[in-house]
Protein chains: 2
Amino acid sequence: MAARNPDKPAARASKAAKKRSAAPRRPGRPSGSASAIDQRNRLIDTALTLFAQQGIADTTLAAIAKAAGVTPAMLHYYFKTREQLLDVLIDERFLPVRKSIEEVFEANADDPAVAIIKLVQRFMSIAEEYPWFASIWMRGVLSERSLLKDRIRERFGDAHQKSAFQCIVRWQAEGRLNADLEPSLVFMSLLGLTMLPLTAVKMWRDDPLRRELGAKEIARHALALLMHGVVSPRPAKKKLEKQVP
Amino acid sequence: MAARNPDKPAARASKAAKKRSAAPRRPGRPSGSASAIDQRNRLIDTALTLFAQQGIADTTLAAIAKAAGVTPAMLHYYFKTREQLLDVLIDERFLPVRKSIEEVFEANADDPAVAIIKLVQRFMSIAEEYPWFASIWMRGVLSERSLLKDRIRERFGDAHQKSAFQCIVRWQAEGRLNADLEPSLVFMSLLGLTMLPLTAVKMWRDDPLRRELGAKEIARHALALLMHGVVSPRPAKKKLEKQVP
DNA sequence: CCGTATATTAATTACCTAGTTAATTAATAT
DNA sequence: ATATTAATTAACTAGGTAATTAATATACGG
């Protein structure tokens, strides 16, 4: 995508402009300054932030470099290629979080209600700690030859998915879970009620109706829906519409 | 995104290779053949298909041309610029569908259950008739400065959204809708339970567990969840786990 | 205090991408 | 028949992108 990207905002790193930004920083190793490992992590964080905001395909190496206040050559220095940057992102940042989700499910395999509640809560705490996670994951769900999906499958197979699936089937057989649900869609539904709105609200910064929505409200809404459905839990006294005028 | 796109599959149009594809088609107006309006529509359809598969940003004009079996100059001939192609897509294809969704909601403003059931069904029939719709919309939801969102807001404001919001609030006040739901998230939840899985299953073509999932199963699942929540509608007789061995 | 390893930029390369134009052929109206 | 209009490709331009290299400046161990 060239020729139509005149000026991304690209939240400039504070550390970038040291003194007078007029003198444009000659080459050479900087004096003192942060260690290389910090710089590397800073680049990873910057990349994750931009990927979450604009999507992976839309984010050029130059944009990441600019947002981090360095030249594109730095990315080559630390990650060699764009592909390898993605590998690093996935291995070092994405997979650990993803794994912690699976654990919640497996740790509560004896009670559907608790498992679901805990899962929703975990989603929320992840969203708070890693603001890039929900967006990047949701984008991955919608991408066919996702940069993520193949690698994730590659790196921890679908054993977790299968066990979760069987767990759901068992719950249904025991009458503890709504038997009309499709087992293979339960997890996707949880995503749709948590990660999806979490991502969406970040894109709504200028919408007056839904300005004050945060993780708390989303969790409350999702749990209310998951536990009781859309209709009122109270048995809905029917002919109450026409009250005294 | 350049330099890493060696060979997209790009389902070649059947009409493209007329006889021996060895002779590479000289310039000039083709004999007989489809009318210009058909050609234009064919290009629009091709673009929508690719946008749905790979996302808008990932799809170059050259890719669209190749998939349609023409040269990139054809796109310039019919649409002048990429931006205008997007405008055409939105105005001629996207907005009418989008509008038909709003209508369903407003036509059933007197009964929440019916409104929601009809809405889910409408989503499913849209997915069947316009396979590109769900994917493109969901991608739009996740994009900050979405190419779509601004234009859509621009073209039919948020009057519909506001009236839907107030409708939900009213239902809650009347005790006919779960009062713990967040009004501004109800529509997003419907998306998350319908459009999201509809899009996702298309990306799962090689997943054995969820191969046979279609619109029918997704609708059934979504309605089951919306009407009763995850727990079993039957009051769940508790101590039935240890039956006779 | 000196050589080597490390961190950084400027400059360059090969390749995409959007958009434009001129040439070419068929259809259509006169 | 002939001129005009429509539809199409090849060839080109200007600018972006990922990746690489050479130069440069600091850190650090002996």
Side-chain angles (χ1 to χ4, degrees), chain A residues 1-8 10 13 15-18 21 23-43 47 50 54 56-66 68-86 147, chain B residues 1-8 10 13 15-18 21 23-43 47 50 54 56-66 68-86 147:
Chain A
M1 306 307 69
R4 60 197 155 80
N5 242 352
D7 52 354
K8 292 181 184 171
K15 203 177 284 185
K18 266 204 162 178
S21 58
R25 179 83 161 80
R26 304 279 315 283
R29 179 170 182 163
S31 60
S33 82
S35 71
I37 195 75
D38 286 350
Q39 186 71 297
R40 198 183 106 110
N41 282 330
R42 219 167 57 82
L43 290 175
L50 290 181
Q54 326 173 346
I56 294 176
D58 266 7
T59 305
T60 66
L61 293 182
I64 299 169
K66 191 179 173 189
V70 298
T71 62
M74 290 288 318
L75 290 163
H76 176 254
Y77 181 74
Y78 284 109
F79 307 105
K80 210 69 187 172
T81 74
R82 187 190 159 93
E83 287 291 295
Q84 276 185 255
L85 169 61
L86 288 175
L147 303 150
Chain B
M1 307 306 69
R4 58 196 155 80
N5 240 354
D7 52 354
K8 292 181 184 170
K15 201 177 284 185
K18 265 203 161 179
S21 57
R25 179 85 159 80
R26 305 279 315 281
R29 181 170 180 162
S31 60
S33 80
S35 73
I37 194 76
D38 286 350
Q39 186 71 297
R40 198 184 106 109
N41 282 330
R42 218 168 58 80
L43 290 176
L50 289 182
Q54 325 173 342
I56 295 176
D58 266 6
T59 306
T60 67
L61 293 182
I64 298 169
K66 190 179 174 187
V70 298
T71 62
M74 291 289 321
L75 290 162
H76 176 254
Y77 180 74
Y78 284 108
F79 307 105
K80 209 69 186 171
T81 74
R82 187 192 159 94
E83 288 291 295
Q84 276 185 255
L85 169 60
L86 289 174
L147 303 148

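All values derive from a computational prediction rather than experimental measurement.
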Problem set entry | With sequence neighbours excluded, residues passing side-chain contact (heavy atoms from CB on, under 4.5 Å) with A/A65 | A/V70, A/P72, A/L75
Exercise. Under the side chain to side chain contact (heavy atoms under 4.5 Å, CB included) criterion, do B/I56 and B/R82 qualify, and how do the steps go?
Worked result: CA-CA 11 Å; B/I56 295 176; B/R82 187 192 159 94; 3.8 Å; yes
Look at [X] and [N] and indicate whether a side-chain polar atom (N or O) is within less than 4.0 Å of OP1 or OP2.
X     : N      : value
B/H76 : C/dG19 : no
A/Y77 : C/dT8  : no
A/Q39 : C/dT6  : no

Which nucleotide in the list [options] gets nearest to the side chain of [X]?
X     : options              : answer
A/V70 : C/dT9, D/dT9, D/dA19 : C/dT9
A/Y78 : D/dA18, C/dA7, D/dT9 : C/dA7
B/T81 : D/dA7, C/dT9, C/dG19 : C/dG19

Seminar exercise, completed: Base-paired stretches in DNA chain D with three or more consecutive Watson-Crick or G-U pairs, both distances under 3.5 Å, amount to C:1-30 with D:1-30
Exercise. Base, sugar-phosphate alone, or nothing: which one does B/T71 contact when heavy atoms must sit under 4.0 Å apart?
Worked result: base
Seminar exercise, completed: Whole-Å distance, B/M74 CE to C/dG19 C1', equals 15 Å
For this session: Rounded off to whole Å, could you give me the CZ-to-C1' distance for the B/R82 and C/dG19 pair?
Result: 12 Å
Exercise. Does the side chain of A/L50 come within less than 4.5 Å of A/K66's, by heavy atoms?
Worked result: no
